[in-house]
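Contents: one structure, followed by commentary.
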2 protein chains.
Amino acid sequence: MPAPPAAPGHTSLGDPAEPEAKTENGRRRAGRPVGAVLDKAGITAAALQLIEKKGYDGLTMAALARSLNVAPSALYNHVSSKGDVLLLVEDHLAALVDVSAFGAEPWEDAVRKWAWSYRDVFSQHTPLIPVIAVLPVTDAPQTLAMYETVSAGFRDADFPEERIVSSIVALESFIFGSAYDVTAPADIFDAGSMAEATPSFTGAVRSLAAQGHERPADVAFSLGLEALISGLGALRQ
Amino acid sequence: MPAPPAAPGHTSLGDPAEPEAKTENGRRRAGRPVGAVLDKAGITAAALQLIEKKGYDGLTMAALARSLNVAPSALYNHVSSKGDVLLLVEDHLAALVDVSAFGAEPWEDAVRKWAWSYRDVFSQHTPLIPVIAVLPVTDAPQTLAMYETVSAGFRDADFPEERIVSSIVALESFIFGSAYDVTAPADIFDAGSMAEATPSFTGAVRSLAAQGHERPADVAFSLGLEALISGLGALRQ
DNA sequence: CCACTAAATGAATGGTATTCATTTACGAGA
DNA sequence: TCTCGTAAATGAATACCATTCATTTAGTGG
């Protein structure tokens with residue numbers, strides 16, 4: 001049985017560009033071997049779309065292949081494992097993090113904007129956090145580009161060079177942990193039947209609830225982020 | 001075929017105690033129905049042992065059952081899912097976190113000791129972090145007990161009650177993120193062929209490496225933790 | 001002594017990522 | 001124009017996985 005007609009859509013988003021097609025003939029569009037249905041950009045885009053619609057539980061190699069009108073095994077001509085797909089998605093998301101304030105605004109404001117943006121992007125993609133947190137930067141060019149911009153911002157803000165990486169890591173650790181909080185259920189701190197056995201904690205939870213914040217995770221994030229900004233900012237020479 | 005003889009070992013560690021046996025007869029040991037091979041404490045202990053030996057990839061319901069000399073389906077008489085097993089393990093680990101300094105040492109020292117201990121315990125169990133981070137405390141009594149002790153420590157250190165939970169959440173977020181760092185490969189920041197394209201970042205990485213710290217993750221953790229302690233400490237009335 | 005019930009079995013189910021022998025079709029070189 | 005090499009597809013097979021369920025076992029309370 002012949003292969004089905006090429007899948008429509010999935011226009012490249014630009015980032016994981018395939019090596020240039022070697023065709024000398026000008027009639028062929030560059031960037032994708034003419035007979036090929038799949039490439040990394042298409043896989044990335046399809047994976048993101050699938051995650052958006054079905055969540056990370058719905059992201060299976062079978063479902064991904066189906067959304068591309070292709071057999072599951074075909075994916076393995078372009079990625080070596082499902083982990084590879086997650087890595088592609090992660091690197092795509094890294095490009096969405098807002099680093100524009102570095103070099104344009106004071107250090108404190110730039111860090112603040114970056115950190116909120118970083119948290120917001122990955123709070124929608126918490127299953128990627130274990131991936132990013134231990135990901136060698138070589139495998140993720142867009143992520144590396146983000147680090148470069150942030151590092152330059154720290155250097156220009158008169159950070160001692162040997163403290164820059166540790167400071168970024170500390171901020172990032174806080175951001176990753178905080179991304180989980182955003183997705184936690186509202187009643188996560190309800191002690192239920194144990195309430196009277198835990199008076200200090202229950203009192204503190206009730207006292208926070210009485211404040212009526214619409215997004216409690218934002219309060220904790222702001223509190224911690226401001227503490228980190230002023231604490232780390234003191235390292236500047 | 002009759003059931004194999006009861007598995008040896010797996011003495012209860014105390015925490016996930018089975019409801020008291022209803023036997024009026026004093027001859028029976030309390031806590032475990034006499035004919036039962038399994039209970040939650042035994043499952044927890046076996047799971048921990050399995051994780052220690054084979055890692056989280058080796059923690060399967062089949063392997064867990066085998067280590068208890070039992071059929072996989074037998075586990076489902078005591079836990080409702082594999083997630084339930086993870087929850088039992090998580091709650092057991094929470095009891096290992098050192099909260100002893102609260103009420104015995106100044107707030108700063110107590111927080112410092114608690115945070116290092118918390119990070120160290122869960123850096124060996126990072127697959128549990130997504131579980132804890134969104135876990136309703138009702139389902140984890142030991143975890144709840146930890147929160148109670150910590151909350152009391154904050155209250156006694158003159159924290160405004162409505163800021164206690166947010167402060168703990170901020171610290172916890174940082175701790176969870178930092179637990180991942182401990183397990184990251186040493187060359188995670190090696191930019192490889194992209195090194196000359198990322199001069200600020202590469203310079204910062206080299207400058208840190210030149211310091212020759214044996215555990216770079218500890219430097220970042222200390223930096224962030226001290227910033228949080230002094231920033232959050234300023235909230236005290 | 002009987003009946004009830006908690007707790008075990010083992011087979012079956014539906015899902016997963018991944019591998020591999022085979023086929024297809026494009027494009028380059030003779 | 002023909003042929004050959006190769007990149008990229010297929011689909012069947014593999015080895016797991018968690019979970020369900022009808023059935024059996026064996027103790028306990030009445």
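Values in this document were obtained by computation on a predicted structure and should not be read as measured data.
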Atom [atom1] of [X] and atom [atom2] of [N]: how far apart are they, to the nearest Å?
X        : N       : atom1 : atom2 : answer
Lys40(B) : dA7(C)  : NZ    : P     : 11 Å
Asp57(B) : dT16(C) : CG    : C1'   : 14 Å
Arg66(B) : dT9(C)  : CZ    : C1'   : 17 Å
Ile43(B) : dA7(C)  : CD1   : P     : 11 Å
Leu86(A) : dA17(C) : CG    : P     : 10 Å
Asp39(A) : dA7(D)  : CG    : P     : 16 Å
Leu68(A) : dT10(D) : CG    : C1'   : 15 Å
Asn69(A) : dA8(D)  : CG    : C1'   : 16 Å

- prompt: Shortest non-hydrogen contact from Ser166(A) to Val219(B)?
  reply: OG-CG1, 3.6 Å

What residues form a side chain to side chain contact (heavy atoms under 4.5 Å, CB included) with [X], not counting sequence neighbours?
X         : answer
Phe102(A) : Val99(A), Ala110(A), Val111(A), Trp114(A), Thr149(A), Val150(A), Phe154(A)
Thr60(A)  : Ala62(A), Ala63(A)
Ser100(B) : Asp98(B)

- prompt: For dA8(C), does either OP1 or OP2 sit under 4.0 Å from a side-chain N or O belonging to His78(B)?
  reply: yes

- prompt: Between the base of dA8(C) and the side chain of Asn77(B), is there a donor-acceptor distance below 3.5 Å?
  reply: yes

statement: side chain to side chain donor-acceptor pair (under 3.5 Å) with Thr143(A): of Glu90(A), His92(A), Glu148(A), only one passes, and it is Glu90(A)

Listed pairs under 3.5 Å, donor-acceptor, residues 167-188 of chain B side chains, sequence neighbours left out:
residue   : atom : partner   : partner atom : Å
Ser167(B) : OG   : Arg163(B) : O            : 2.8
Glu172(B) : OE1  : Tyr147(B) : OH           : 3.2
Glu172(B) : OE2  : Tyr118(B) : OH           : 2.7
Glu172(B) : OE2  : Tyr147(B) : OH           : 2.5
Ser173(B) : OG   : Asp181(A) : OD2          : 2.6
Ser173(B) : OG   : Val169(B) : O            : 2.9
Ser178(B) : OG   : Phe174(B) : O            : 2.8
Tyr180(B) : OH   : Tyr180(A) : OH           : 3.1
Asp181(B) : OD2  : Ser173(A) : OG           : 2.6
Thr183(B) : OG1  : Tyr180(B) : O            : 2.9

- prompt: Pairs in or reaching into residues 119-142 of chain B: which pass salt bridge (charged side-chain N to carboxylate O under 4.0 Å, His left out), with residues at least two apart or in two chains?
  reply: Arg119(B)-Asp218(B)

Tabulate atom names and distances for all N/O pairs under 3.5 angstrom spanning the protein and nucleotides 19-23 of chain D.
residue : atom : partner  : partner atom : Å
dT19(D) : OP2  : Tyr76(B) : OH           : 2.6
dT19(D) : OP2  : Lys82(B) : N            : 2.8
dT19(D) : O5'  : Tyr76(B) : OH           : 3.3

- prompt: Counting side-chain heavy atoms from CB outward, which of dA18(D), dA8(D), dT9(C) is closest to Ala71(B)?
  reply: dT9(C)

